[in-house]
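Worksheet: the structure to be examined is printed underneath.
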Amino acid sequence: GDAFNDSDNDGVCDLVDSCLDDSLNDVDADGICDAADSCRDDSLNDGDSDDICDGIDSCPGDAFNDGDNDGVCDLVDSCLHDALNDNDNDGICDADDSCQDDALNDGDSDS
C-alpha cells in the first residue's frame, strides 16, 4: 500500500475511498461504511427501525415485533396484547372470551 494515498491501507486510494479511515469499507454493500454500520454483514440493515438487524429479526417489516410474546408477529396477530390468543378457536380472543375453553361459547347454556 501507499501510506500517502491510502491512509487506511485498504487498497483504495483516499481520493476515491468512500470509507476513509475504515479498512473494511462496506463489506455488505449497503452504502454504510462498516465503522458506522450497526448491522454489519446485513445489507438490509434494520428496515423496520426496531433496533434488530433484519438478518436476525423474527418479524422483519414489523417494528412492534411480537409485543405479547405469543410467537405471532403483531402485523398478523389477530389478538394483540393477548399472549393466549384464541385457544378454543371460536374467533374470540381469550382476553375477551368469557368461555375460554368452550368453542361454542356456552352452547349448552349452563352459564
Side-chain angles (χ1 to χ4, degrees):
D2 183 349
F4 295 109
N5 293 312
D6 181 14
S7 59
D8 59 7
N9 202 24
D10 61 358
V12 180
C13 293
D14 288 350
L15 288 175
V16 294
D17 193 344
S18 60
C19 297
L20 284 173
D21 302 320
D22 183 356
S23 62
L24 296 176
N25 293 309
D26 180 13
V27 174
D28 59 8
D30 60 0
I32 303 171
C33 296
D34 285 352
D37 195 344
S38 60
C39 295
R40 279 188 182 175
D41 301 320
D42 182 355
S43 62
L44 297 176
N45 294 304
D46 179 17
D48 56 12
S49 300
D50 61 359
D51 295 325
I52 302 171
C53 297
D54 283 357
I56 59 169
D57 193 343
S58 61
C59 297
D62 184 349
F64 296 105
N65 294 302
D66 178 14
D68 57 9
N69 294 314
D70 60 0
V72 181
C73 296
D74 284 358
L75 282 178
V76 295
D77 192 344
S78 59
C79 296
L80 284 174
H81 314 295
D82 183 354
L84 298 175
N85 293 310
D86 178 17
N87 281 335
D88 60 7
N89 296 312
D90 61 0
I92 302 171
C93 296
D94 283 357
D96 300 320
D97 194 344
S98 60
C99 301
Q100 289 183 12
D101 296 319
D102 184 356
L104 298 176
N105 290 306
D106 201 30
D108 58 2
S109 301
D110 65 356
S111 300

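- As a member of the Ile/Leu/Val/Met/Phe/Trp/Tyr network built from side-chain separations under 4.5 Å, Leu24 groups with Val27.
- Atom CG of residue Leu20 and atom CG of residue Leu15 lie 9.0 Å apart, to the nearest 0.5 angstrom.
- With rounding to the nearest 0.5 angstrom, the CD1 atom of Ile32 is 5.0 Å from the CG atom of Asp37.
- With hydrogens and angles disregarded, a donor-acceptor distance shorter than 3.5 Å links the side chain of Asp54 to the backbone of Gly47.
- Distance check, rounded to the nearest 0.5 Å: SG of Cys93 to CG of Leu80 gives 8.0 Å.
- In the hydrophobic clustering (ILVMFWY side chains linked at under 4.5 Å, chained through shared members), Ile56 is joined by Ile52.
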Legend entry - Trace of the side-chain contact (heavy atoms from CB on, under 4.5 Å) decision for Asp62 with Cys73: CA-CA 7 Å; Asp62 184 349; Cys73 296; 3.5 Å; yes
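- Summarising the geometry, atom CG belonging to Asp21 is positioned 5.0 Å from atom OG belonging to Ser7; distances are rounded to the nearest 0.5 Å.
- Sorted by first and then second residue, the side-chain hydrogen bond (donor to acceptor under 3.5 Å, both in side chains) pairs involving residues 68-78 (not counting sequence neighbours) are Asp70-Asn85.
- Members clustered with Val76: Val72, by chain and number, using a 4.5 Å side-chain heavy-atom cutoff among hydrophobic residues.
- Here CG of Asp94 is found 11.0 Å from OG of Ser98. Values are rounded to the nearest 0.5 Å.
- In this structure, the side chain to side chain contact (heavy atoms under 4.5 Å, CB included) partners of Ile92, at least two apart in sequence or on a different chain, are Asp90, Asp96, Asp97, Asn105.
- In this structure, SG in Cys33 is found 9.5 Å from CG in Asp8, a value given to the nearest 0.5 Å.
- Panel note: side chain Asp6, backbone Asp10; a donor-acceptor pair is recorded below 3.5 Å.
- Residues in residues 38-49 take part in these side-chain hydrogen bond (donor to acceptor under 3.5 Å, both in side chains) pairs, two or more places apart or across chains: Asp30-Asn45.
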